[in-house]
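Note sheet for the following structure.
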Amino acid sequence: MVRAGLTTERLVRAGAELADEVGFDQVTVSALARRFDVKVASLYSHLRNSQDLKKRIALLALAELADRAAEALAGRSGKDALGAFADVYRDYALAHPGRYTAARYPLDPETAAASAGPRHAALTRAILRGYDLPEPDQTHAVRLLGSVFHGYVSLETAGGFAHSAPDSQESWTRIVDALNSLLRNWPTR
């Protein structure tokens, strides 16, 4: 029997909130059932298992990130677009650490192709059009940006920059400046 008021969307959103509170790795159907004060079995009409819940949270996070990035990039180009794009990822990770982790959850190829993941790649490539990079350099640049953004955010959220000066925001700004310079002067073979 389906409990009144429980929907798959409501459960996934609650799971995303739970991920931000306790960490994505701690999200389970059992933890979600406790949050709603219901028996685990009552959630199985909406979710297959904890992996299904995590996959759905990942899809939600990817969509939220893509929507924010698209909005931030509207009407921008060059360094302005690069900085706005970078800030979306950093701000999202700081505000929603569990969801940010979820956005990196491994998805099967079919689910990944149908997710907002391809939008992220398209948005990154849209930024890179302003730098006039040919292939395969554009693909290398997409990987570079993803690695730098994710690496910095991962270290920052783990407290890696809290113990020394300068402030991490100052470093972030300088890194975006350096990336812009690198993209404008991309090394040729």
Backbone N/O of [Y] and side chain of [X]: donor-acceptor pair under 3.5 Å:
| X | Y | result |
| --- | --- | --- |
| S115 | A112 | yes |
| T124 | H120 | yes |
| H46 | L11 | no |
| D20 | A95 | no |
| R10 | G5 | yes |

For Y152, give me all partners under ring pair (Phe, Tyr, Trp, His ring centres under 6.0 Å), at least two apart in sequence or on another chain.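 Checked Y152 against ring pair (Phe, Tyr, Trp, His ring centres under 6.0 Å); matches are F161, W172.
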Does the side chain of V142 come within less than 4.5 Å of T139's, by heavy atoms?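 Counting from C-beta outward, T139 and V142 never come under 4.5 Å.
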State the [atom1]-[atom2] distance between [X] and [Y], to the nearest 0.5 angstrom.
| X | Y | atom1 | atom2 | value |
| --- | --- | --- | --- | --- |
| K79 | S181 | NZ | OG | 9.5 Å |
| L60 | L65 | CG | CG | 10.0 Å |
| L43 | L53 | CG | CG | 9.0 Å |
| W186 | L128 | CH2 | CG | 8.0 Å |
| D87 | L82 | CG | CG | 9.5 Å |
| D25 | K54 | CG | NZ | 5.5 Å |

If you compare all heavy atoms of [X] against all heavy atoms of [Y], which two are closest, and at what distance to 0.1 Å?
| X | Y | result |
| --- | --- | --- |
| R90 | S168 | NH2-OG, 3.5 Å |
| D108 | T111 | OD2-OG1, 2.7 Å |
| P118 | A113 | CG-O, 3.6 Å |
| F24 | G98 | CB-O, 3.6 Å |
| I57 | A16 | CD1-N, 3.8 Å |
| G78 | Y131 | C-OH, 3.4 Å |

Does the side-chain contact (heavy atoms from CB on, under 4.5 Å) test come out yes or no for V176 and T173, once each step is laid out? CA-CA 5 Å; V176 172; T173 300; over 6 Å; no
Verify same cluster id: [X], [Y] (apolar side-chain graph, 4.5 Å):
| X | Y | answer |
| --- | --- | --- |
| V88 | Y100 | yes |
| L18 | L94 | no |
| L123 | L183 | yes |
| F85 | L62 | no |
| L59 | Y89 | no |

Got more than 12 heavy atoms from elsewhere within 6.0 Å of [atom1], [X]?
| X | atom1 | answer |
| --- | --- | --- |
| D132 | CG | no |
| R174 | CZ | no |
| E71 | CD | no |
| R35 | CZ | yes |

Walk me through it: do Y92 and V153 pass the test side-chain contact (heavy atoms from CB on, under 4.5 Å)? CA-CA 10 Å; Y92 189 82; V153 165; over 6 Å; no
Under the salt bridge (charged side-chain N to carboxylate O under 4.0 Å, His left out) rule, what do E9 and R13 come out as? Steps first, then yes or no, please. CA-CA 6 Å; E9 181 180 346; R13 290 211 171 271; 3.8 Å; yes
Quick one: does NZ or CZ of K55 land under 6.0 Å from the six-membered ring centre of Y105, within 45 degrees of the ring axis?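 Judged by the rule (NZ or CZ under 6.0 Å from the ring centre, within 45° of its axis), K55 is not positioned above Y105.
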